[in-house]
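Only this structure's heavy atoms are used, side chains among them; waters, hydrogens and symmetry mates stay out. Everything numeric here is computed off the predicted structure, so don't read it as measured data.
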Amino acid sequence: METLIINIPEKKSTLVKQILKGLGVTIQDAGKTNLSAYKQKIAKVSTWTNDDLKIFEESKTAFDSFKPQQW
């Protein structure tokens, strides 16, 4: 699938969209970004403290020191 952005004169927009839809083209509306919705969404992203991340470092160290058994 390829994305193509074209500028169409206002008077021809409806005609061009009809032709493209007839050819199976998917047309996406270039909606405006809702800033308040974006802020609410980004506010829900969790943050991790250094103590939260410490468990990963400890696990990595433990895994690196693991020695497989010899047969």
Side-chain angles (χ1 to χ4, degrees):
M1 181 75 57
E2 186 174 345
T3 301
L4 176 66
I5 299 173
I6 58 174
N7 294 318
I8 305 169
E10 289 290 325
K11 294 180 181 179
K12 303 291 182 177
S13 177
T14 305
L15 175 63
V16 171
K17 286 180 182 180
Q18 288 175 349
I19 293 170
L20 291 174
K21 284 182 183 179
L23 294 171
V25 174
T26 303
I27 298 176
Q28 296 177 347
D29 290 330
K32 294 181 180 176
T33 303
N34 186 348
L35 188 57
S36 63
Y38 177 73
K39 285 181 180 180
Q40 288 176 352
K41 184 178 178 181
I42 197 82
K44 294 179 183 177
V45 174
S46 65
T47 57
W48 293 9
T49 65
N50 286 337
D51 289 338
D52 295 332
L53 298 174
K54 189 182 293 185
I55 190 72
F56 292 106
E57 286 299 320
E58 291 171 356
S59 298
K60 179 180 180 255
T61 304
F63 186 77
D64 288 342
S65 65
F66 177 73
K67 294 185 172 101
Q69 292 181 341
Q70 295 293 328
W71 291 56

Just jot down the ring pair (Phe, Tyr, Trp, His ring centres under 6.0 Å) partners of Phe63, sequence neighbours excluded, or say none. none
Which other residues belong to the hydrophobic cluster containing Leu53, where Ile, Leu, Val, Met, Phe, Trp and Tyr are joined when side-chain heavy atoms lie under 4.5 Å apart, directly or via other members? Trp48, Ile55, Phe56
Checking Leu4 now: which residues fulfil side-chain contact (heavy atoms from CB on, under 4.5 Å) with it, not counting sequence neighbours? Ile6
By side-chain contact (heavy atoms from CB on, under 4.5 Å), which residues pair with Ile19, not counting sequence neighbours? Leu15, Leu23
Determine which pairs satisfy salt bridge (charged side-chain N to carboxylate O under 4.0 Å, His left out) with at least one residue from residues 40-56, sequence neighbours left out, and list them in order. Asp51-Lys54
Selection residues 7-24 - residue pairs positive for salt bridge (charged side-chain N to carboxylate O under 4.0 Å, His left out), sequence neighbours left out: none
side-chain hydrogen bond (donor to acceptor under 3.5 Å, both in side chains) partners for Ser65, two or more places apart: none
Check this for me: Asp64, atom CG, are more than 12 non-hydrogen atoms of other residues, nucleotides or ligands nearer than 6.0 Å? yes
